Peer 1: 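One structure, as structure tokens, below. Some questions next.
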Number of protein chains: 2
Amino acid sequence: MTRSTVGKPASPVMMDAKSHAAGFRKARDARRSELIEDYVELIADFLETGGEARQVDIAERLGVAQPTVAKMLTRLSDEGLIVRRRYRGIFLTDEGRALAKRTRERHHIVETFLAALGVSPETARTDAEGIEHHVSEETLAAFKRFIVRPGNSSRE
Amino acid sequence: MTRSTVGKPASPVMMDAKSHAAGFRKARDARRSELIEDYVELIADFLETGGEARQVDIAERLGVAQPTVAKMLTRLSDEGLIVRRRYRGIFLTDEGRALAKRTRERHHIVETFLAALGVSPETARTDAEGIEHHVSEETLAAFKRFIVRPGNSSRE
DNA sequence: CAAGACCTATAGTAACGGCTATATATGCTC
DNA sequence: GAGCATATATAGCCGTTACTATAGGTCTTG
Ligand SMILES: [Mn+2]
Ligand SMILES: [Mn+2]
Ligand SMILES: [Mn+2]
Ligand SMILES: [Mn+2]
């Protein structure tokens with residue numbers, strides 16, 4: 001419609017539509033992998049803290065019902081990230097282990113960064129749980145730099 | 001590390017299950033409001049940059065199909081955030097406008113923060129689109145502090 | 001004012017992620 | 001080894017967010 005902007009008070013211009021859409025798309029993609037990442041990371045936690053990764057344990061940790069976990073595990077299994085051994089627990093494939101490693105490192109960096117920024121440990125933990133999935137490599141690098149030398153991150 | 005037990009190679013302990021679950025729950029809740037926030041913010045952008053907020057425009061910006069927008073708008077309308085005027089575009093209710101304001105401020109702070117941290121404008125924009133929805137008030141305050149005085153964020 | 005362009009609505013489908021209820025398999029204990 | 005407790009699987013439901021295809025309005029323009 002582009003009605004003639006005569007007396008209008010300097011309306012700022014929106015960003016390029018294509019870039020905007022690309023940003024939203026990326027966020028949607030991240031949303032789709034959030035759960036997978038959390039599951040794989042959690043399973044790795046269980047396995048490496050000496051315990052087994054059983055459905056009931058995972059369900060309790062995530063705060064969801066056991067059948068919800070069962071269904072999700074089918075998806076993880078379909079994607080080749082885990083192996084299920086009935087009544088023996090869940091195990092990670094090589095691919096799953098690799099994803100868990102990356103994911104956990106990223107999670108740790110995000111949480112540590114928030115704490116370094118002055119956020120309380122409790123909030124850092126909570127916020128990191130969601131933020132982690134939307135942090136690009138570049139931003140992650142910036143977080144790392146800040147953790148090492150707070151205050152030296154951007155000023156040249 | 002608690003290397004008390006013999007043989008076993010220092011298995012660290014997982015955090016409290018209840019807190020863990022609470023964190024996941026909060027992230028899930030945030031996920032449910034992500035879309036609503038993005039829509040309302042985007043509609044406000046359209047309206048305040050002199051244009052109209054039409055379904056086709058919104059669809060293009062978000063990178064989704066028009067019927068997807070139509071359905072989502074029904075939800076926004078049901079929740080009292082918008083008013084639809086056929087062929088005249090979408091308008092925000094008072095409640096919608098209030099949500100848009102909060103959301104946009106938060107978005108802006110997150111993006112500005114990332115840039116201040118040394119992240120490229122492009123990446124800052126992209127990452128902020130996802131991160132914004134998972135940033136608590138406390139973290140937002142920390143971001144603001146950093147923007148004002150980079151490097152002075154974590155001192156008491 | 002009629003045609004066509006453009007916008008919106010609706011129908012039908014699918015994947016995902018959650019739930020409850022219930023069936024079945026396994027492991028433990030006596 | 002039988003019984004019971006526990007873990008897992010399955011069925012069926014729902015809401016959300018996407019899609020395509022298509023029908024139906026409205027606006028503009030020749
Ligand atoms: Mn995580
Ligand atoms: Mn997470
Ligand atoms: Mn936003
Ligand atoms: Mn967003």
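None of these values were measured; they are calculated from a predicted model. A, B, ... follow the sequence lines: proteins, then strands. Residue 1 opens every chain.
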Peer 1: Which parts of nucleotides 24-30 of chain C does protein reach within less than 4.0 Å, heavy atoms only, written one letter per nucleotide 5' to 3' as B for base, S for sugar-phosphate only and - for none?
Peer 2: -BS----
Peer 1: Residues in ring-ring contact (aromatic ring centres under 6.0 Å, His included) with A:Phe24, at least two apart?
Peer 2: A:His20
Peer 1: Picking from A:Glu132, A:Glu111, A:Glu48, what satisfies salt bridge (charged side-chain N to carboxylate O under 4.0 Å, His left out) with A:Arg104?
Peer 2: A:Glu48
Peer 1: Sugar-phosphate means primed atoms, P, OP1 and OP2; the rest is base. With that split, encode nucleotides 18-23 of chain C 5' to 3' as B, S or - using protein heavy atoms under 4.0 Å.
Peer 2: BBBB--
Peer 1: With ILVMFWY side chains joined below 4.5 Å, transitively, what does B:Met15's cluster contain besides itself?
Peer 2: none
Peer 1: Does anything in residues 14-24 of chain A come within less than 4.0 Å of DNA chain C? Heavy atoms only, and list the residues if so.
Peer 2: none
Peer 1: Please enumerate all residues that pass side chain to side chain donor-acceptor pair (under 3.5 Å) together with A:Glu95, with sequence neighbours excluded.
Peer 2: none
Peer 1: Under the side chain to side chain donor-acceptor pair (under 3.5 Å) test, which residues partner A:Thr139, sequence neighbours left out?
Peer 2: A:Ser136, B:Asp127
Peer 1: Taking CD from B:Glu34 and C1' from C:dC16, how many angstroms apart are they, rounded to a whole number?
Peer 2: 15 Å
Peer 1: Distance check needed: D:dA7 P versus A:Leu73 CG, whole Å only.
Peer 2: 15 Å
Peer 1: Excluding sequence neighbours, so at least two apart, what forms ring-ring contact (aromatic ring centres under 6.0 Å, His included) with A:Phe143?
Peer 2: A:Phe113
Peer 1: Name all residues meeting the salt bridge (Lys or Arg N to Asp or Glu O under 4.0 Å) criterion together with A:Arg97; count only those two or more places apart in sequence or in a different chain, and write none if there are none.
Peer 2: A:Asp94
Peer 1: Holding to side chain to side chain donor-acceptor pair (under 3.5 Å), I want the full list of residues that pass it with B:Glu34, two or more places apart in sequence or in another chain.
Peer 2: B:His134
Peer 1: Could you work out, with side chain to side chain donor-acceptor pair (under 3.5 Å) as the rule, every residue matching B:Glu79, not counting sequence neighbours?
Peer 2: B:Arg75
Peer 1: Among pairs that include at least one residue of residues 53-112 of chain A, which meet ring pair (Phe, Tyr, Trp, His ring centres under 6.0 Å), considering only residues two or more places apart or in two chains?
Peer 2: none
